[in-house]
Amino acid sequence: MSDAQGYNQPLGGNEMPRFAGIATMMRLPLATSAAGLDVGFVGVPMDIGTSNRSGTRFGPRQIRSESVMLRPYNMATGAAPFERLRVADLGDIATNPYNLEKSVALIEAGIAAILAAGCAPLILGGDHTLAYPVLRAMAAQHGPVGLVHVDAHADVNDTMFGERIAHGTPFRRAVEDGAVNPARAVQIGLRGTGYAADDFDWQRARGFRVIQAEACWHRSLTPLMAEIRTQLGAGPVYLSFDIDSLDPSIAPGTGTPEIGGLTTIQALEIIRGCAGLDLVGADLVEVAPPYDMAGTTALIAANLLYEMLCVMPTPNRHEVV
Ligand code: MN
Ligand code: MN
């Protein structure tokens, strides 16, 4: 439903019970086009890019289901996104479950169409392969973008099983294609075992700032985000958030878990710390409901997507044609 000013509002919990009705993201209206929207939630259900446990094809649906508790006002930051942004759920981009390269092309075209309408996508994944076509679409619209990448993994492999497209390669491909400006790129939360001691050095050598998980342990990430805002400065920024950046004890529903990860509090600090950046879109990827025994991983994902909405910049209406 929309208010008197034409801003869509989540369906209230006193109008329809939270366990009832159609489970769109945040119980927002479902839109068939991005025209007239500032921000659109869009699902990319796919898992043929995964390397271990699959199941992220069910991520968008489960995130929507766990989003029904979300209310419009952010009681911590004061953000009121539905008073300044026109938001809807755009449904899912149809990928090809038998062909990853075709899926990548479908994702790039789907995101490009959303961007062409002047709408910023907040993407419900889906495995992390999707970040590659999304970043290509972003660069086509905005030029090379800055990047905040939160993940247990670097996802800068050259190939996996001989393939150049996979959920562990998107940021290497995006840098090679000139879609990401490496001097405006940061990675947070990297950890775990590697194939070689220099596994995190390919992107460092190109200018990425890499903050490994151990540097985050036991501390607030609010000061780090202040540094990152200074480093990234003005200009478009894309936020890519892999749920496996969180510790598997709190977010078990994912395909490639690594111990010693971030807390939900640190995840909130990272996303809230993006306020003031020129965010042009974001994703929340790698939620695998078959491993999400209590639904907590999808619940966290839904909340983090809401927090992303809260820090999306207000568009300049005078520039809207
Ligand atoms: Mn990843
Ligand atoms: Mn990961």
Side-chain angles (χ1 to χ4, degrees), residues 44-57 59-60 63 95 100 103-104 107 122-136 138 147-161 163-175 179-180 185-195 199-200 202-203 208 210-214 216 238-264 266-267 270-271 281-292 297-298 300-301 304-305 308:
V44 182
M46 64 180 290
D47 55 16
I48 47 170
T50 59
S51 53
N52 187 31
R53 305 166 175 173
S54 60
T56 55
R57 66 177 60 185
I63 293 169
T95 57
L100 184 54
S103 293
V104 161
I107 295 164
L122 293 179
I123 299 164
L124 291 60
D127 75 62
H128 219 158
T129 311
L130 66 85
Y132 173 49
V134 169
L135 284 165
R136 283 177 55 89
M138 290 285 167
L147 175 69
V148 178
H149 171 208
V150 190
D151 203 324
H153 310 99
D155 293 353
V156 294
N157 291 298
D158 188 18
T159 60
M160 297 179 80
F161 233 74
E163 301 294 332
R164 290 169 55 79
I165 307 287
H167 80 150
T169 68
F171 300 102
R172 184 136 172 173
R173 294 290 94 79
V175 169
V180 168
V186 298
Q187 294 179 310
I188 306 169
L190 278 57
R191 61 186 187 273
T193 49
Y195 289 103
D199 273 6
F200 298 157
W202 182 88
Q203 68 274 37
F208 277 49
V210 177
I211 300 113
Q212 293 183 217
E214 288 76 6
C216 303
Y238 183 74
L239 169 62
S240 190
F241 200 111
D242 186 328
I243 199 70
D244 71 27
S245 59
L246 298 183
D247 193 78
S249 63
I250 53 173
T254 196
T256 42
E258 308 281 358
I259 68 166
L262 306 180
T263 66
T264 53
Q266 290 174 318
I270 290 169
I271 297 173
D283 65 55
L284 191 300
V285 298
E286 297 285 349
V287 173
Y291 297 91
D292 192 15
T297 311
I300 293 166
L304 296 183
L305 281 156
M308 292 173 184

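Counting starts at 1 for both ligands and their atoms, following the listed order. Nothing fancy with the numbering, it's 1 onward along the sequence. None of these values were measured; they are calculated from a predicted model.
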Considering just N/O/S atoms, say which atom of H153 is closest to the Mn ion (ligand 2). ND1
Calculate the angle formed at the Mn ion (ligand 2) by OD2 in D244 and OD1 in D151; 10° precision is enough. 130°
Could you check whether any side-chain heavy atom of C216 comes within less than 4.5 Å of a side-chain heavy atom of L262, counting everything from C-beta outward? yes
Side chains of F171 and S240: closer than 4.5 Å at any heavy-atom pair? yes
Euclidean distance, I270 CD1 relative to L304 CG, rounded to 0.5 Å: 9.5 Å
Quick test of your reading of the model: are D151 and R191 salt-bridged, counting only N-O distances below 4.0 Å? no
D155, N/O/S atom nearest the Mn ion (ligand 1): OD2
Apex the Mn ion (ligand 1); atoms H128 ND1 and D242 OD2; angle rounded to 10 degrees: 100°
